[in-house]
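All remarks here apply to the structure that follows.
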Amino acid sequence: MSTGRRWQDIKAEAHRRNPELAELERQARARAELDAYVAGHHLKELHKARPGRASPSAGPLSR
């Protein structure tokens, strides 16, 4: 069985292998994409929770 590794060591190795991970623009873009994904999920959950709404895939004649 392998021994545990420190998170700092793993992160340092990742940056050695992929130096572009340290680019601030790339980090900002990734953070924005994650925020948009989470917001979209929340909106989907809110939409599903609204009572009396037909599913979005149902046509206008489904009611």
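Side chains included, hydrogens not; waters and symmetry mates left out as well; all remaining heavy atoms used. Just so you know, residue 1 is the first one in the sequence shown, and it goes up from there.
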By side chain to side chain contact (heavy atoms under 4.5 Å, CB included), which residues pair with [X], not counting sequence neighbours?
X	value
Asp9	Arg6
Arg29	Arg26, Glu33
Glu25	none
Lys11	Trp7, His15

Residues passing the side-chain hydrogen bond (donor to acceptor under 3.5 Å, both in side chains) test with Glu13, sequence neighbours excluded, are Arg5, Arg17
Just jot down the salt bridge (charged side-chain N to carboxylate O under 4.0 Å, His left out) partners of [X], sequence neighbours excluded, or say none.
X	result
Arg31	none
Glu45	Lys48
Arg16	none

